[in-house]
Amino acid sequence: MGFLDQYDLSPNIWDEMYDRQQIREHYHKVFTSLEQFDVSALQQKDRLAGELFMNQGITFTVYSDDAGIERIFPFDIIPRIITGKEWDHIELGIQQRLKALNLFLKDIYNEQQILKDKVIPAALIASCPHYTREVFGIKVPHDIYVHISGIDLIRGEDGQFYVLEDNLRTPSGVSYMLENREVTKRIFPEMLAASHVRRVSNYPLMLHEILLQMAPAQISNPRVVLLTPGIYNSAYYEHAFLARMMGITLVEGRDLVIDNHKVYMKTTEGLEQVHVIYRRIDDEYLDPLVFRPDSALGVPGLMNAYRMGTVAIINAIGNGVADDKAVYAYVPQMIRYYLNEEPILPNVPTYEMSDPEQRKHVFDNIEKMVIKRTNQSGGYGMVMGNKVTPEEWVKAKAAIEADPRSFIAQPIIRLSTVPCFIDGTFQARHVDLRPYALCGPQGVQIVPGGLTRVALRKDSLIVNSSQGGGSKDTWVID
């Protein structure tokens with residue numbers, strides 16, 4: 001079939017497959033394989049992929065949708081390909097970044113040297129809603145705060161990778177990365193085998209190893225559980241999937257109890273002590289005695305056990321201060337301060353709306369800017385300056401001026417595009433990339449690839465599943 005007949009490229013956008021004259025070298029093998037299929041064969045594979053996702057129950061939840069909250073996660077059958085050389089650069093950049101962020105979290109909850117040296121304004125940390133004073137001075141095992149992270153990367157018009165944001169609390173989506181690969185194995189087995197794609201399937205094993213290593217005492221067989229808010233949570237499918245893959249117990253807050261500053265799980269045989277909790281519950285719901293008293297999701301007294309060091313909580317409580325979007329602007333300074341190195345992966349230029357000069361610059365150039373809330377995710381609370389109506393802008397401006405600390409702005413970056421199979425043709429769509437990094441006593445390990453999220457609506461730059469985005473299998477090839 002004429003693969004590129006209708007492949008419409010926008011000027012000034014980096015396309016990952018096509019460089020305007022020819023197919024990029026690392027896409028050649030896949031391109032040649034795809035040319036063996038006609039449209040109906042690819043449509044059949046597309047349908048099969050949808051059925052596999054449906055049968056596996058791979059869903060996410062959209063709370064604002066009246067048509068029923070459970071949705072199949074949209075999957076595009078054409079893999080996104082990254083070369084081994086590009087990946088090695090990404091890996092070094094993420095390892096460097098997480099080293100600095102871990103040191104920052106240790107510092108900010110202990111000595112606060114970075115504030116004393118005025119590298120980061122103290123007011124920025126004091127005004128951060130996710131700075132958790134309740135964990136100040138708590139010693140965490142191996143001084144590791146961020147055990148699991150999803151670092152969002154984008155590729156700009158220049159072909160360079162930039163860090164868009166750091167997800168250091170309870171990053172989700174890794175089950176989609178693993179399931180995407182399983183589906184690809186079913187629909188393109190020969191193509192996958194011939195392309196020498198690096199493996200992602202060992203992620204649950206690597207994660208389980210790290211969870212065991214975080215047990216507070218030298219226990220020969222530590223008990224690890226995954227704490228979920230329950231079946232109504234948007235990522236519940238993933239919680240159940242990961243618990244099953246690691247062979248650990250999936251629990252809710254009501255299954256755990258604290259006795260003598262230790263955490264126990266209720267079982268049919270009686271109480272069993274829990275040493276490590278991989279929690280998928282936000283900080284403020286973890287312990288109603290310390291945080292939100294109305295939380296029915298957490299475990300009363302959990303913070304006391306955490307403070308006494310009888311249980312490890314993964315990720316650490318209080319990490320939100322390091323992925324606040326206003327604090328994100330200072331990560332390059334953190335890397336220079338703690339590691340004495342230059343950042344390998346650059347940030348997207350970021351303007352603090354609490355600074356009057358920067359705010360004026362953004363307001364004067366709004367058509368080139370995207371404004372984001374500093375502590376909101378999922379693509380919510382964003383103002384795209386090139387699409388905002390005059391009425392919406394008046395409202396947004398008033399909200400920003402009333403509470404500037406809660407907003408940052410960034411130039412609108414035209415994310416790179418990749419080929420997607422949509423309505424029987426190949427079309428370019430914008431993507432980002434979320435690699436998953438695991439941090440243990442032996443350092444940072446990153447599964448090669450990660451989750452490529454794709455904006456399935458034409459010209460949309462918003463890739464979040466809650467905003468109509470989907471995903472692709474991500475191949476790192478040598």
Q | SB check Glu392 Lys395 (cutoff 4.0 Å) | A | no
Q | Glu238 and Arg280 ion-paired at < 4.0 Å | A | yes
(Q) Rounded to the nearest 0.5 Å, what separates atom CG in Leu153 from atom CD1 in Ile90? (A) 5.5 Å
(Q) Testing Thr184, Thr452, Asp76 one by one against Lys472 for a side-chain hydrogen bond (donor to acceptor under 3.5 Å, both in side chains), which residue passes? (A) Asp76
Q. Between Phe75 and Glu179, is any pair of side-chain heavy atoms under 4.5 Å apart?
A. no
Q.
Under a 4.0 Å threshold between the charged nitrogen and the carboxylate oxygen, would Asp323 count as salt-bridged to Arg169?
A. yes
Q: To the nearest 0.5 Å, tell me how far Glu352 CD sits from Thr374 OG1.
A: 10.5 Å
Q. Any Lys/Arg nitrogen of Glu341 or Lys99 sitting under 4.0 Å from an Asp/Glu carboxylate oxygen of the other?
A. no
**Q.** Test side chain to side chain contact (heavy atoms under 4.5 Å, CB included) applied to Ile344 - qualifying residues, sequence neighbours left out
**A.** His89, Leu92, Gln96
Q: Assign the ring pair Phe426 / Phe421 to parallel, tilted or perpendicular, where the plane angle (0 to 90°) is split at 30° and 60°.
A: tilted
Q. What is the ring orientation for Tyr18 with Tyr7, classed by angle as parallel under 30°, tilted 30 to 60°, or perpendicular over 60°?
A. perpendicular
Q. Would you call Asp324 and Arg405 a salt bridge, using N to O less than 4.0 angstrom?
A. yes
Q: Find the distance between OH (Tyr162) and CD1 (Ile413) and round it off to the nearest 0.5 Å.
A: 6.0 Å
Q) Can you find a heavy atom in the side chain of Ile366 that is under 4.5 Å from one in the side chain of Ile371? A) yes
(Q) Apply side chain to side chain contact (heavy atoms under 4.5 Å, CB included) to residues Glu252 and Thr228 and explain how you reach the verdict. (A) CA-CA 5 Å; Glu252 294 182 31; Thr228 175; 4.0 Å; yes
Q. Is any side-chain N of the basic residue among Glu342 and Arg336 closer than 4.0 Å to the acidic one's carboxylate O?
A. yes
Q.
I need the Leu242 CG to Tyr203 OH distance, nearest 0.5 Å.
A. 6.5 Å
Q: Taking all non-hydrogen atoms of both residues into account, name the closest pair between Ala243 and Leu226 and its distance.
A: N-CD1, 4.1 Å
Q | Point-to-point distance, once rounded to the nearest 0.5 Å, from CG of Asp403 to CZ of Arg373 | A | 7.5 Å
Q: Using the ring pair (Phe, Tyr, Trp, His ring centres under 6.0 Å) rule, take Trp14 and Phe161 through it: C-alpha gap first, then chi angles, then the decisive distance, then the call.
A: CA-CA 11 Å; Trp14 181 278; Phe161 282 101; 9.2 Å; no
**Q.** Short N-O contact, Asp152 and Lys325, less than 4.0 angstrom
**A.** no
(Q) Using every non-hydrogen atom in the two residues, find where Gly253 and Leu227 come nearest and quote the distance to one decimal. (A) N-CD1, 3.5 Å
**Q.** Minimum heavy-atom distance Pro404-Ala402, with the two atoms named
**A.** CD-C, 3.7 Å
Q | Partner set under side chain to side chain contact (heavy atoms under 4.5 Å, CB included) for Lys368, not counting sequence neighbours | A | Asn365
